[in-house]
Amino acid sequence: MTTATLPAGAAPASAARPRRRVLPGFHLTLGYTLFYLGLIVLIPLSALLFKTFTLTWPQFWEAVTGPRVMASYRLTFGASLIAALVNVVAGLLVAWVLVRYSFPGKKIVDALVDLPFALPTAVAGISLTALLAGNGWIGQYLEPLGIQLAFQPAGVVIALIFIGLPFVVRTVQPVLEDAEKELEEAAMCLGATRWQTFTKVIFPTIAPALLTGFAMAFARAVGEYGSVIFIAGNVPMVSEITPLIIIGKLEQYDYAGATAVATVMLGISFILLLVIDALQGWQRRRSGDLA
Amino acid sequence: MSIRTTESRPVRVLLIALALGFMALFLVMPLAAVFTEALRKGWDAYWEALKEPDAWSAIRLTLITAAVAVPLNLVFGVAAAWAVAKFDFKGKSFLITLIDLPFSVSPVVAGLIYVLVFGAQGWLGPWLAEHDIRIVFAVPGIILATIFVTFPFIARELIPLMQAQGNDEEQAAQVLGASGWQTFWYVTLPNIKWGLIYGVILCNARAMGEFGAVSVVSGHIRGQTNTMPLHVEILYNEYQSVAAFAVASLLALLALVTLAIKSVVEWQQSREREATASLPPEKPMARAVPGHATSPV
């Protein structure tokens, strides 16, 4: 936190460094980076931790393990897990088709993959709800079959699949593009079937990227709010996600309770961030070995 | 017999059909639904919904927010990328992790932290109240929360790009007597131009579309602290479906424009890469990754 109080450019004197840097601007840019990072990210985030420390342990425990909160964890993590798994399968399929095959309109399809990154979450939320509601384009065919997706936990999963798709496609796609065709040719020469080649040669190459994409889609899904709340129905104990619990506590001026749940969410995000970092390191080493 | 490293035609067609079917269901239909719902009662109703003063003030606030947040994150992104990519120092990878942090924080938590700092019961709450300054439940809070959620976008785009390009060209410029600014303007900037544009449009799309974080700090005062996504929510909850989807359609258009610019930038980048690849291999250029594709918007 001390970094935030450093004025730009006032980093430790360069005399302490053995060798003169060739390019200018190191102290200025690093100083400004730390200052801005402290101001926007670190100080406000530390406010969350300080607020949490004003709670006693029993108060904290009660706030983060209440039955309604526990139900929200189950929904948030369960739905995120299912959505990320669906995204692994669908994302691999889309990435495979985009890299390996050619078909008309491929460039447009490729660009469209990023739609969930670019479309505001609230827009995605109301639009998916309109599609799946009883009178919607898709909902009207499901309703006679007794299937209702909107305003149910299933709706949460669908919104999270929408949000997470590009993560898997965009992490797997470059690895598939770089995968060496020679290895596949060798496998075929040695008599492997196409399916054996896929499971024994191609899949191990893309597995780290798939896992990274899974972790990214999962991390994003856990924190997602905008696209989910419209479609979820938000019934306590049934279809209420954890971020909504935080909002609910805030609206009742229960700042301490909101902060406690937010701290749990922040801790989980941080763990996921470290896991993703480690996975990306593994992926880089893996592709480094092959090159 | 030639070696076949692709699937048989029926399998290919089946896989393409499955992938396109999935994308049609999950991506194209929601997009199409926005526009059909917005025009359900015809163009007149559509225009009426957009001409409403509250809709206008929401559009204005969204534009102001992006106009402040994007340039600030642009300056930060360039500074951070310069420090991280051009120099070696202790704790560099930890710094990159910290820069990434806002990506993995839930938007709701992002909003909450500013309430804890600037809200009535927050750290600065009493001081701010004394001096009659409103940050939370007012425009400055909305801008701050937007800066937080879009914080890593431009830095994350530029760091790998500048790392791949190395320092050689900048060092040559220095040796030839260029000042630091000249080196940046005439050597570095042209090299990172496409990555920069890429980062800016993604940052802008998220800044204009952010919902969760802004929703926590906004206070939802109609005509004053409602951005476009918040206005969509209010209209939707009031069962004004056509009006909600009309405002949403503007945001969907923004998304389409963003995707179009992004595709053009990627195309330009790969063209420039091919141009450098066709040069004699005197200095093997590290392959610059076009638009670090995994950054979530």
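Excluded from the calculations below are hydrogen atoms, water molecules and symmetry mates; all remaining heavy atoms, backbone and side chain alike, are included. Order of the sequence lines sets the chain letters (A, B, ...), proteins ahead of strands, with each chain counted from 1.
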Side chains of residues 123-130 of chain A: which donor-acceptor partners sit under 3.5 Å, not counting sequence neighbours?
from	atom 1	to	atom 2	distance (Å)
A/Ser127	OG	B/Pro30	O	2.6
A/Thr129	OG1	A/Gly125	O	2.6

Item to check | Heavy-atom side-chain proximity of B/Asp100 to A/Ile276 below 4.5 angstrom | outcome: no

Next on the checklist: Surrounding NZ of B/Lys92 (heavy atoms of other residues, nucleotides or ligands, distance under 6.0 Å), is the total greater than 12?
Outcome noted: yes

Next on the checklist: Can you confirm whether A/Leu37 sits close enough to B/Leu95 that some side-chain heavy atom of one is under 4.5 Å from a side-chain heavy atom of the other?
Outcome noted: yes

Checklist entry - Side chains of A/Val97 and B/Leu18: does their closest heavy-atom pair fall under 4.5 Å? => result no

Checklist entry - Taking everything shown except A/Phe103 itself, do over 12 heavy atoms lie less than 6.0 Å from its CZ? => result yes

Checklist entry - Considering residues, nucleotides and ligands other than A/Leu190, do more than 12 of their heavy atoms fall under 6.0 Å from its CG? => result yes

Next on the checklist: For a side chain to side chain contact (heavy atoms under 4.5 Å, CB included) check, start with the C-alpha distance between B/Leu101 and A/Leu45, then their side-chain angles and the critical distance, and finish with the verdict.
Outcome noted: CA-CA 10 Å; B/Leu101 191 56; A/Leu45 275 179; 3.5 Å; yes

Next on the checklist: Holding to ring-ring contact (aromatic ring centres under 6.0 Å, His included), I want the full list of residues that pass it with B/Tyr114, two or more places apart in sequence or in another chain.
Outcome noted: none

Next on the checklist: Quick one, A/Phe230 and B/Glu233 - any side-chain contact, counting heavy atoms below 4.5 Å?
Outcome noted: yes

Checklist entry - Can you say whether B/Ala213 sits under 4.5 Å from chain A via the side chain, the backbone, both, or neither, judging by heavy atoms? => result neither

Next on the checklist: Students often mix this up, so state it plainly: with edges at 30° and 60°, are the rings of B/Phe151 and A/Tyr36 parallel, tilted or perpendicular?
Outcome noted: parallel

Checklist entry - Are side-chain heavy atoms of A/Phe117 and B/Thr258 found at a separation under 4.5 Å? => result no

Checklist entry - So do A/Leu30 and B/Phe89 actually touch side chain to side chain, heavy atoms under 4.5 Å? => result yes

Checklist outcome for this item: Turns out that what part of B/Thr36 lies under 4.5 Å from chain A's heavy atoms comes down to side chain

Checklist entry - Within a strict 4.5 Å, meaning less than it, do heavy atoms of the B/Leu27 and A/Pro116 side chains meet? => result yes

Checklist entry - Are B/Ser8 and A/Arg194 side-chain neighbours, meaning at least one heavy-atom pair lies under 4.5 Å? => result no

Next on the checklist: Is B/Met23 in contact with chain A via its backbone, its side chain, both, or neither, using a 4.5 Å heavy-atom distance?
Outcome noted: side chain

Next on the checklist: side chain to side chain contact (heavy atoms under 4.5 Å, CB included) for A/Leu165 and B/Phe22? Distances and angles first, verdict last.
Outcome noted: CA-CA 11 Å; A/Leu165 181 70; B/Phe22 181 85; 3.7 Å; yes

Checklist entry - B/Phe211 vs A/Tyr225 aromatic rings, parallel, tilted or perpendicular, using cut-offs 30° and 60°? => result parallel

Item to check | CG-CD1 distance between B/Asn73 and A/Ile40, expressed to the nearest 0.5 angstrom | outcome: 7.5 Å

Item to check | Short side-chain to backbone donor-acceptor contact, B/Ser106 and A/Gly223, under 3.5 Å | outcome: yes

